[in-house]
Structures are given as structure tokens and as C-alpha cells.
Amino acid sequence: MSVIAESAIGHDELAVLKLLALEGGLEGDVKISCSHLADRLDASNQTASRRLQRLESADLLERDTVNDGQWVAVTETGERTLHAEYEDYRRLFETDSHVALEGTVTSGMGEGRHYISLPGYKRQFEDRLGYEPFPGTLNVDLREDSVRRRSAMASLEPVPIDGWESDDRTYGPAVCYPATIETTEGEIYENAYTIAPERTHHDDDQLEVIAPDKLREELSLEDDDHVTVSVGDRE
Ligand SMILES: Cc1cc2nc3c(=O)[nH]c(=O)nc-3n(C[C@H](O)[C@H](O)[C@H](O)COP(=O)(O)O)c2cc1C
Ligand SMILES: Nc1ccn([C@@H]2O[C@H](COP(=O)(O)OP(=O)(O)O)[C@@H](O)[C@H]2O)c(=O)n1
Ligand SMILES: [Mg+2]
């Protein structure tokens, strides 16, 4: 849900924040005057000024007042607030239940192989994904916009992999989503899944993919090759 629901900031202020972002306020300082803003909002100077003050108090906007106006920039919190709205609208209008993520193939820590081969996981892959995966995870270093878009996966239906215990330790759960991999040469591999282990050494920018085949061989992939991972239901 959007952040504004819980804060003192209302939709009027949010509309101003969006306007300032559209004028360049996400990239850095933009210069505005209260009368220009008032015009755009069809409101009085006083109203425009009050909304700016509220945005500043809520740490959504930084301001520097000068003689003939003010320099404003949307803060990180401000960007997150706008982004939360964006996610709400995406959920409303994106009927396509696919999320396309882009990135480059990369080598990880060589641990994927060990985990994928463990009998406690292997049994579940066979039952729930329908195959025994190649031992390993293909790691994809996601482009910045895809790291953000990754959160849209939350609206898709995951295949859960449960945590389990061996004699001497516990193993964490993971979630899988059906995925199709496409290379820049236009080669397509359809039977893959993304896998996100709850316990991982990687951050959000790393996407791990499993498949019955060794994808590096099937798709002639090497480190730094570009791939598109389309996550969502199979047709
Ligand atoms: C199915 C699965 C389960 C995992 N479970 C655990 C775990 O219980 N504890 C842990 O520290 N890491 C766990 N990992 C994460 C790995 O340690 C590692 O962070 C990740 O898979 C990346 O490995 P890579 O860089 O070798 O590809 C798991 C990974 C997979 C694929
Ligand atoms: N379906 C898969 C899974 C892993 N792999 C690759 O197989 C190797 C072993 O996987 P891993 O997860 O243990 O290794 P890293 O991802 O840590 O490099 C890596 O080179 C992966 O990129 C693959 O080509 N296709
Ligand atoms: Mg891996």
C-alpha cells in the first residue's frame, strides 16, 4: 500500500510532488516559483506554499529559497512514496501477468550447485516444478530499473519451496516463479524458474534461475551476456 495512507501527507501534497517530479525534481534541483506552481495547481499562492512546506516537513522534498523563487528536489523518501503509488497503478492496469527483467549473466559464489543438489530441495523441485534441476543457479545481475520492477513479482503466484532440517542444521525456504529466458540472439528457453532463497548472500540486484538444463550451454551464455527473464504464468 502507498505510504501516504499513514502519513499527514494527503493527495493534494502528493499531486504537487508528482508535478515537481515531472518537472525534473527526481534528477536534481529544479527552480520553481510559488506563482508558477499555483497556476499549475489552479490554487492560490498561499495554498501552493503550504503544500510545499508540508512536503518538506515530511522529508519528501528539499527546498532552498532564493530571491526569485526556490530550488526544490524530491528526496529519496519522496521517490519511494511516488514509486509506491506507481506500483498501485501498475497492479490496477497491468492485466499482463508477466514481469520482464533484464540483466547480464554473472558468476556467483559457486554455492548454488550445492543447495540445488540437496535431497530435501530436490524432492520438492521434482514434485512442484516437475523436474530435477541442473545443479546450480544461473545468476543474473539485474539492471537498475529491473531491480525496482522485481517487486512487481509479488503480485504473481509463486511456487513455494519449504524449509527443512537435516541431522545437523536447518535449511531455509525459497520461492520460485515460472520464467522464460531470452538472449540477444533471440534464442528462447521456456522451462526455467526464478528461485529466491530466503537465506541468501545476494542482494535484490541478483536474480537466480534454475532449469532442467545447463543454460550456459543451451543458450551459449557467458558472463556479461545480456538476457531478458520474463517471469509469470506459462501460457
Ligand atoms: C534452494 C536454495 C536454498 C538455499 N538455502 C540456503 C540456506 O538455508 N542457508 C544459506 O545460507 N543459504 C542458502 N541458499 C543460498 C546460497 O547460499 C547462495 O546465497 C545463493 O544460492 C547464491 O549462490 P551462487 O552465488 O553460488 O549462485 C540457498 C540457495 C538455494 C538455491
Ligand atoms: N540451470 C543452470 C544453472 C546453473 N548454471 C551455471 O552452472 C554453474 C554452477 O552454478 P552455481 O550456482 O553453483 O554457480 P555460480 O552461480 O555461483 O557461479 C554456474 O556457472 C551457473 O551459471 C547454468 O548454466 N544453468
Ligand atoms: Mg548460481
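These values consider heavy atoms only, across backbone and side chains, with no hydrogens, waters or symmetry-generated copies. Counting starts at 1 for both ligands and their atoms, in listed order.
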Counting heavy atoms only, which part of [X] comes closer than 4.0 Å to ligand 1: side chain, backbone, both or neither?
| X | value |
| --- | --- |
| Pro197 | side chain |
| Gln206 | neither |
| Ile116 | side chain |
| Asn139 | side chain |

Classify the angle between the aromatic ring planes of Tyr171 and Tyr121 as parallel (below 30°), tilted (30 to 60°) or perpendicular (above 60°). perpendicular

Nearest-contact summary for [atom] - protein heavy atom, Å:
| atom | result |
| --- | --- |
| atom 5 (N) of ligand 1 | Tyr121 OH, 3.1 Å |
| atom 6 (C) of ligand 1 | Tyr115 CE2, 3.2 Å |
| atom 23 (O) of ligand 1 | Gly112 N, 3.5 Å |
| atom 24 (O) of ligand 2 | Arg216 N, 2.9 Å |

Taking distance alone, with N or O pairs closer than 3.5 Å, would you say [X] contacts ligand 2?
| X | value |
| --- | --- |
| Gly108 | yes |
| Ile210 | no |
| Leu215 | yes |

At a 4.0 Å threshold, what atoms of ligand 2 neighbour a non-hydrogen atom of [X]?
| X | result |
| --- | --- |
| Asp213 | 1 (N), 2 (C), 25 (N) |
| Asn139 | 16 (O) |
| Thr137 | 3 (C), 4 (C), 10 (O), 11 (P), 12 (O), 16 (O), 21 (C), 22 (O) |
| Ser107 | 18 (O) |
| Arg113 | 11 (P), 12 (O), 13 (O) |
| Ala211 | 1 (N) |
| Leu138 | 3 (C), 4 (C), 22 (O) |

For ligand 1, which atoms have a heavy atom of [X] less than 4.0 angstrom away?
| X | value |
| --- | --- |
| Thr137 | 27 (O), 31 (C) |
| Glu111 | 16 (C), 17 (O), 18 (C), 23 (O), 24 (P), 26 (O) |
| Arg169 | 7 (C), 8 (O), 9 (N) |

Applying a strict 4.0 Å limit to heavy atoms, is Leu221 in contact with ligand 2? no

Considering distance alone, does some N or O of [X] sit under 3.5 Å from an N or O of ligand 1?
| X | answer |
| --- | --- |
| Thr170 | no |
| Ile195 | no |
| Tyr171 | no |
| Gly110 | yes |
| Gly108 | no |

Taking all non-hydrogen atoms of both residues, which atom of Gln70 and which atom of Cys34 are closest, and how far apart? NE2-SG, 3.7 Å

Show the nearest heavy-atom pair for residues Ser230 and His98, with the distance to one decimal. OG-CD2, 3.5 Å

Would a search of protein heavy atoms around atom 4 (C) of ligand 2 find one under 4.0 Å away? yes

Within Met109, is some N, O or S atom less than 2.8 Å away from the Mg ion (ligand 3)? no

From the Mg ion (ligand 3) out to just under 2.8 Å, does an N/O/S atom of Asn139 turn up? yes

Of the choices Glu208, Lys122, Gln124, which has the non-hydrogen atom that lies closest to atom 20 (C) of ligand 1? Glu208

More than 12 non-hydrogen atoms from neighbouring residues, nucleotides or ligands closer than 6.0 Å to CG on Asp42, yes or no? no

Given that the side chain starts at C-beta and the backbone is N, CA, C, O, which of these parts of Met109 lies under 4.0 Å from ligand 2, counting heavy atoms, or is it both or neither? backbone

Find out if a path of hydrophobic residues (ILVMFWY) with successive side-chain heavy-atom gaps under 4.5 Å connects Leu138 to Ile210. no

One should read off an interatomic distance between Leu20 CG and Arg63 CZ, to the nearest 0.5 angstrom, of 10.5 Å

